Structures are given as structure tokens and as C-alpha cells.
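Encoded as C-alpha cells, the structure appears first; notes follow it.
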Amino acid sequence: MAKTVLHLFHADPASMQTVPALAERIRGASSGELEVYVFGPAERMLADIENVDFNAQIDALVRAGARVTTCIGIAQQIGAEAAFRARNLALESAATAFPRFAAEGAAVISF
């Protein structure tokens with residue numbers, strides 16, 4: 001079973017619209033495993049309640065069973081760790097996540 005990781009770093013509108021939509025398409029069409037890793041500027045958008053559409057799409061992915069992970073270090077820096085956990089987002093340092101992706105043989109696509 002192949003694994004695909006969509007790495008969302010940039011907080012530009014195009015990336016924030018593309019990644020959740022692409023994740024949903026991959027999740028629906030693939031028999032492989034999917035993970036979305038939200039990091040850096042994009043992770044800050046998860047904590048911004050004004051980003052209603054983006055956050056709703058991310059929460060829908062989680063409800064549908066996709067693993068959505070954020071960097072625990074950034075979550076702690078911005079005071080969002082508890083809120084992210086309440087949304088069932090996984091928290092893992094990029095320092096351990098990316099070596100894990102390599103060990104899993106995942107295809108990582110960055111936005």
C-alpha cells in the first residue's frame with residue numbers, strides 16, 4: 001500500500017485551497033494511505049478562526065479518517081496545542097515526521 005503525504009507549508013490562498021481539495025480526491029480515489037502535514041505559515045492558519053473555509057475542509061478530512069498532522073513545536077509557540085488536539089489533529093515535530101515519511105516510503109508533495 002502506497003502512502004502519499006501532502007505537505008502544506010505556504011499560507012497563500014492557492015495552496016490553502018488546493019491541498020484540502022486534492023487530499024479529498026486522493027482519499028476518495030486511492031486505496032493507499034494519505035496524510036496531510038501542515039507546517040509553518042500554513043499551520044498558523046489552522047489557529048486563525050477567520051479562515052473558516054480552510055479549517056472546515058481540514059476538519060472534514062479528519063472526520064473522514066485522514067490523518068492531519070501539525071508541528072507540535074509551532075502549535076506550542078502559538079498557543080494552539082490544546083485546540084489542535086480538540087480537533088483531533090495529530091501533533092509531531094517536523095524533525096521526526098519527515099524521517100518517518102522516508103522510512104515509510106511515502107511520496108511527499110509539498111505546497
Side-chain angles (χ1 to χ4, degrees):
M1 180 185 332
K3 178 170 185 171
T4 302
V5 176
L6 299 179
H7 168 232
L8 178 57
F9 178 82
H10 297 284
D12 63 280
S15 295
M16 291 175 53
Q17 291 171 353
T18 300
V19 170
L22 181 58
E24 185 56 35
R25 288 186 192 103
I26 290 171
R27 195 189 66 69
S30 173
S31 61
E33 186 180 350
L34 170 70
E35 182 170 345
V36 177
Y37 190 80
V38 184
F39 182 69
E43 184 170 352
R44 295 180 194 292
M45 297 297 103
L46 284 174
D48 185 348
I49 60 171
E50 292 184 16
N51 287 307
V52 176
D53 291 339
F54 174 66
N55 282 294
Q57 290 176 309
I58 294 296
D59 291 340
L61 286 169
V62 172
R63 282 191 306 275
R67 178 180 167 124
V68 178
T69 306
T70 66
C71 178
I72 189 164
I74 292 173
Q76 290 169 340
Q77 286 174 359
I78 63 175
E81 182 180 3
F84 288 173
R85 289 189 191 280
R87 292 171 62 186
N88 294 315
L89 301 175
L91 289 111
E92 180 180 5
S93 168
T96 60
F98 283 94
R100 176 173 60 81
F101 301 152
E104 294 170 344
V108 179
I109 305 167
S110 294
F111 292 84

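Since the structure is predicted, the reported quantities are computational estimates derived from the model, not experimental observations.
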Are the side chain of Ser15 and the backbone N or O of Asp12 linked by a donor-acceptor pair below 3.5 Å?
no

So how far is it from Ile72 CD1 to Glu43 CD, rounded to the nearest 0.5 Å?
10.0 Å

State the CD1-CG distance between Ile74 and Leu91, to the nearest 0.5 angstrom.
11.0 Å

Least distance between heavy atoms, Ala66 atom then Leu34 atom
CB-CD2, 4.4 Å

Any chance you could measure Phe101, atom CZ, to Thr4, atom OG1, to the nearest 0.5 Å?
11.5 Å

Spell out, as yes or no, whether a donor-acceptor pair under 3.5 Å connects the side chain of Asn55 to the backbone of Asp48.
yes

In terms of ring plane angle, is the pair His7 and Phe39 parallel, tilted or perpendicular, where the classes change at 30° and 60°?
tilted

What is the distance from atom OG of Ser110 to atom OH of Tyr37, rounded to the nearest 0.5 Å?
11.5 Å

CD1-CD distance between Ile26 and Glu35, expressed to the nearest 0.5 angstrom
12.5 Å

Evaluate the side-chain proximity of His10 to Met45: yes if any heavy-atom separation is below 4.5 Å, no if none is.
no

Check each of Asp59, Asn51, Leu8, Thr70 against Leu46 using the side chain to side chain contact (heavy atoms under 4.5 Å, CB included) test, and report the only one that passes.
Thr70

Glu104 side chain near Val5 side chain, heavy-atom distance below 4.5 Å:
no

Scanning both residues in full, the closest heavy-atom pair of Ala94 with Cys71 reads N-SG, 4.1 Å

The reported gap from CG in Leu89 to CG in Leu61 (rounded to nearest 0.5 angstrom) is 10.5 Å

If only atom types and distance count, is the side chain of Gln57 paired as donor or acceptor with the main-chain N or O of Ala21 below 3.5 Å?
no

